[in-house]
Amino acid sequence: GKQRLMTVTAQTPTNIAVIKYWGKRDEDLILPINDSISVTLDPDHLCTTTSVAVSPAFTHDRMWLNGKEVSLSGGRFQNCLRELRSRANDVEDEEKGVKIAKEDWEKLHVHIVSYNNFPTAAGLASSAAGLACLVFSLAKLMNVKEDHSKLSAIARQGSGSACRSLYGGFVKWIMGKEENGNDSIAVQLADEKHWDDLVIIIAVVSSRQKETSSTSGMRDTVETSELIKHRAKEVVPKRIIQMEEAIANRDFSAFAHLACADSNQFHAVCLDTLPPIFYMNDTSHRIISSVERWNRHEGTPQVAYTFDAGPNAVLISRNRNAAVLMLQRLLFYFPPQPDTDLNSYVIGDKTIMK
Ligand code: PMV
């Protein structure tokens with residue numbers, strides 16, 4: 001029959017961990033050494049938009065990221081593509097004259113076009129949004145009928161943190177016990193409406209690419225750090241329980257205390273790695289001190305900070321009022337460049353605000 005191009009477009013926001021994932025017990029399947037909890041951002045900022053297309057005219061799987069072709073030969077992409085193809089189903093769209101039988105997916109090739117509206121690989125979890133979006137859009141295209149948690153286990157094999165971006169709101173990635181990783185999935189703890197007072201400000205201290213990839217960083221940490229063993233075994237399990245409680249009760253003081261402590265321990269674990277990994281810079285440290293001083297001055301925490309594998313600060317404010325005051329403090333201590341407007345003022349290279 002006649003076959004034409006068929007496309008699907010999806011948008012996926014990134015997520016920011018408040019109890020961090022760091023360290024794998026299985027590198028191929030991407031199985032973590034501890035549970036983690038994250039907040040998924042609003043889709044209008046920090047998101048990936050991905051269009052996927054299938055056509056009998058395509059001879060290879062190909063992908064373009066931010067307008068540049070990237071290789072799909074890596075094991076992680078291949079694992080995701082294989083998992084999705086094996087779950088594909090019949091697709092029929094009479095209007096478009098498209099009919100694909102389940103078994104055809106093994107032979108057909110896809111083209112993937114993806115855009116991040118934020119700096120790639122600058123420690124803003126770009127891979128999280130990217131891989132989640134890739135898996136979600138391909139699953140739609142291929143009529144994969146699995147639920148979000150099953151899809152999260154596929155996205156996880158592309159990038160660990162990606163599994164948490166399949167859901168909005170507050171999400172837990174359960175590390176799981178099985179060797180095949182089938183129970184290492186994301187679950188939603190609460191949806192985006194549950195705690196909508198929170199305002200997230202992202203201070204982009206530097207939009208340069210990070211020097212140590214999370215993959216090699218985690219590997220070095222697991223191989224050389226004593227502190228990571230203590231963290232994974234003794235610290236995180238307790239914090240996961242406390243964080244779930246803080247989220248359920250919308251208890252900002254507990255939430256902020258746990259998020260800041262966990263970010264600091266993650267960066268301490270990086271320092272405890274051989275060779276040590278420095279993701280934060282002087283500006284990051286000054287932002288931490290400024291938030292700590294302010295929270296102490298107020299008596300109750302107004303803002304929580306958390307930093308991933310890079311120097312950029314994610315500041316989670318108790319409410320809009322606290323967010324406005326936080327922004328004023330940022331503007332005062334880290335003055336913007338003269339030619340920028342309030343929506344994109346500059347700390348290091350650039351700042352996104354939300
Ligand atoms: O999924 P990856 O390989 O990008 O690792 C993410 C690690 C952190 O962002 C530092 C922590 C986390 O839980 O997202």
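Start at 1 and go down the list; that is how both ligands and their atoms are numbered.
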Does Phe266 come within less than 4.0 Å of ligand 1, judged by its heavy atoms?
yes

Identify, by atom number and element, the atoms of ligand 1 in contact range of Arg164, meaning under 4.0 Å from any of its heavy atoms.
12 (C), 13 (O), 14 (O)

Just which atoms of ligand 1 are under 4.0 Å from any heavy atom in Ser214?
2 (P), 3 (O), 4 (O), 5 (O)

Pairs of nitrogen or oxygen atoms closer than 3.5 Å, one from Thr215 and one from ligand 1: do any exist?
no

Would you call Asp61 and Arg85 a salt bridge, taking side-chain N to carboxylate O under 4.0 Å as the test?
yes

Show me which atoms of ligand 1 lie under 4.0 Å from any heavy atom of Ser127.
4 (O)

Examine ligand 1 and decide if any of its atoms is less than 4.0 Å from a heavy atom belonging to Ser36.
no

State whether the number of non-hydrogen atoms from other residues, nucleotides or ligands found under 6.0 Å of Glu69 atom CD is greater than 12.
yes

Between Phe266 and Trp22, how do the two ring planes meet: parallel, tilted or perpendicular, split at 30° and 60°?
tilted

Quick one: which ligand 1 atoms are inside 4.0 Å of a heavy atom on Ser161?
1 (O), 2 (P), 4 (O), 6 (C), 14 (O)

Answer yes when Lys193 and Asp196 have at least one side-chain N-carboxylate O distance shorter than 4.0 Å, and no when they do not.
no

Enumerated ligand 1 atoms positioned under 4.0 Å from heavy atoms of Gly160
1 (O)

Mind checking side chain to side chain donor-acceptor pair (under 3.5 Å) for Asn34 and listing every partner two or more places apart, or none if nothing turns up?
none

May I have all residue pairs that pass ring pair (Phe, Tyr, Trp, His ring centres under 6.0 Å) and include part of residues 129-157, sequence neighbours excluded?
Phe136-His148, His148-Tyr167

No-hydrogen, no-angle side-chain donor-acceptor test under 3.5 Å, Thr215 and Arg76:
yes

Output the list of atoms in ligand 1 that are nearer than 4.0 Å to some heavy atom of Ser159, sorted by atom number.
1 (O), 2 (P), 4 (O)

By number and element, which atoms of ligand 1 are closer than 4.0 Å to a non-hydrogen atom of Ala17?
12 (C), 13 (O), 14 (O)

